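Below: one structure, written as structure tokens.
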Amino acid sequence: MFVMRFTIIDPAGTVSFVAPCNGLKALVAACSKYPADLASLLDASTPYDTDLKDHVLNSLAIFDEHNTGGNYEQIHNSLDYAHEQHMEYNLPAFRVVDEKTRQASLEPVGAGIVLFNLKERRIIQVHNTYDNIRRQDRGRIHKGGKPTKQLYKYELPLDWQIVP
């Protein structure tokens, strides 16, 4: 499976996760719906990729359960293990809670890393070898982790910036 890191910045903070590359177009298309936060971005991506929202939210629920009260040992151990084993592609979603998680949220995985700054309406292609983001494009709908024959089109509003 070809994957990349996605880091989402919204008014509540920053979340980072690794997902299949086809999630890139689904998230860009979702930005055309003016999401204000992570939840609305994931909701807006669901018509394009039925699994992305559950993948991220289920993983974040586990993160929240095991990393409470300022004790981030679990995520630190997961980050260390993934790095040592060269298995960053297998990391669960996490919240940026300190410098170590911030650094991990900015490290490319597989095909790269793309940041979605919902507050500033900016998409930053830090390192993207998968496919350049376009203002207008089309993608293939994914259901149950598999591509369908159905296509979707999107047009990113002009007030969204795409930074190469």
Side-chain angles (χ1 to χ4, degrees), residues 1-63 79 82 86-96 101-164:
M1 178 178 359
F2 207 45
V3 296
M4 66 188 317
R5 175 175 304 286
F6 301 98
T7 298
I8 315 300
I9 303 159
D10 74 4
T14 302
V15 168
S16 188
F17 58 92
V18 175
C21 292
N22 61 275
L24 177 61
K25 284 188 182 182
L27 291 171
V28 174
C31 287
S32 70
K33 308 295 184 196
Y34 287 105
D37 55 23
L38 175 66
S40 58
L41 176 71
L42 293 172
D43 283 342
S45 74
T46 301
Y48 315 118
D49 186 326
T50 60
D51 291 359
L52 185 60
K53 176 182 174 182
D54 287 343
H55 165 73
V56 174
L57 294 181
N58 289 341
S59 196
L60 282 177
I62 294 168
F63 174 88
L79 292 170
H86 305 289
M87 294 178 55
E88 289 87 353
Y89 61 87
N90 209 24
L91 273 171
F94 60 88
R95 298 183 192 284
V96 172
T101 53
R102 179 168 312 288
Q103 181 180 351
S105 76
L106 298 173
E107 292 177 2
V109 174
I113 175 174
V114 176
L115 280 71
F116 291 80
N117 186 329
L118 303 181
K119 297 187 302 186
E120 303 292 327
R121 293 192 179 137
R122 187 175 309 144
I123 302 170
I124 304 145
Q125 300 178 87
V126 176
H127 178 79
N128 178 6
T129 62
Y130 174 64
D131 191 14
N132 283 330
I133 296 171
R134 297 172 186 86
R135 282 198 169 281
Q136 283 185 293
D137 204 355
R138 64 182 185 168
R140 187 164 303 279
I141 293 175
H142 283 70
K143 291 184 179 179
K146 300 204 182 298
T148 67
K149 293 182 179 184
Q150 297 173 301
L151 297 177
Y152 61 89
K153 293 181 180 180
Y154 70 85
E155 184 171 346
L156 200 58
L158 292 176
D159 58 345
W160 276 86
Q161 292 180 321
I162 301 172
V163 181

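In this chain, residues are counted from 1 in sequence order. Keep in mind that this is a model prediction, so the values were computed, not measured.
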Point-to-point distance, once rounded to the nearest 0.5 Å, from SG of Cys31 to CG of Asp159
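Reported to 0.5 Å precision, the distance equals 10.5 Å.
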
Looking at CZ of Phe6 and CG of Leu115, how far apart are the two atoms once the value is rounded to the nearest 0.5 Å?
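Reported value, rounded in 0.5 Å steps: 11.0 Å.
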
Can you see which heavy atom on [X] is nearest to which on [Y], and at what distance?
| X | Y | result |
| --- | --- | --- |
| Tyr48 | Ala30 | CE1-N, 4.0 Å |
| Thr50 | Gly144 | OG1-N, 2.9 Å |
| Pro47 | Ile141 | O-CG2, 3.7 Å |
| Phe63 | Ala93 | CB-O, 3.9 Å |
| Leu52 | Ser45 | CD2-OG, 4.0 Å |
| Met4 | Gly112 | CB-O, 3.5 Å |

Side chain to side chain, [X] and [Y], heavy atoms closer than 4.5 Å:
| X | Y | value |
| --- | --- | --- |
| Ile133 | Leu24 | yes |
| Glu88 | Val18 | no |
| Val28 | Val114 | no |

For Arg95 and Leu60, run side-chain contact (heavy atoms from CB on, under 4.5 Å): C-alpha distance rounded to whole Å, both residues' side-chain angles, the deciding distance at 0.1 Å, then the answer.
CA-CA 8 Å; Arg95 298 183 192 284; Leu60 282 177; 4.0 Å; yes

Within the distance-only criterion (no hydrogens, no angle test), does the side chain of [X] pair as donor or acceptor with the backbone N or O of [Y] below 3.5 angstrom?
| X | Y | answer |
| --- | --- | --- |
| Lys33 | Leu41 | no |
| Arg135 | Trp160 | yes |
| Arg140 | Thr148 | yes |
| Ser105 | Thr7 | no |
| Arg5 | Ser16 | no |

List the residues meeting side-chain contact (heavy atoms from CB on, under 4.5 Å) with [X], not counting sequence neighbours, and say none if there are none.
| X | answer |
| --- | --- |
| Asp37 | Asp10, Ala39, Ser40 |
| Thr46 | Lys53 |
| Lys119 | Ile9, Pro11, Asn117 |
| Pro92 | Ser59 |

Run the side-chain contact (heavy atoms from CB on, under 4.5 Å) check on Phe2 and Asn22 step by step: do they pass?
CA-CA 9 Å; Phe2 207 45; Asn22 61 275; over 6 Å; no

Give the table of side-chain donor-acceptor pairs shorter than 3.5 Å for residues 150-158, with sequence neighbours excluded, one pair per line with atom names and distance.
from	atom 1	to	atom 2	distance (Å)
Tyr152	OH	Ala26	N	3.3
Tyr154	OH	Arg134	O	3.0
Glu155	OE1	Gln136	NE2	3.4

Suppose we screen for ring pair (Phe, Tyr, Trp, His ring centres under 6.0 Å). Which residues come up paired with Phe94, at least two apart in sequence or across chains?
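Scan of Phe94 (ring pair (Phe, Tyr, Trp, His ring centres under 6.0 Å), adjacent residues dropped) gives none.
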
Could you walk me through whether Asp51 and His142 pass the side-chain contact (heavy atoms from CB on, under 4.5 Å) check?
CA-CA 8 Å; Asp51 291 359; His142 283 70; over 6 Å; no

Once you measure the plane-to-plane angle for Phe17 and His55, does it fall in the parallel (<30°), tilted (30-60°) or perpendicular (>60°) bin?
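The arrangement is perpendicular - the two ring planes meet at more than 60°.
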
side-chain contact (heavy atoms from CB on, under 4.5 Å) between Gln103 and Leu79, worked out:
CA-CA 10 Å; Gln103 181 180 351; Leu79 292 170; over 6 Å; no

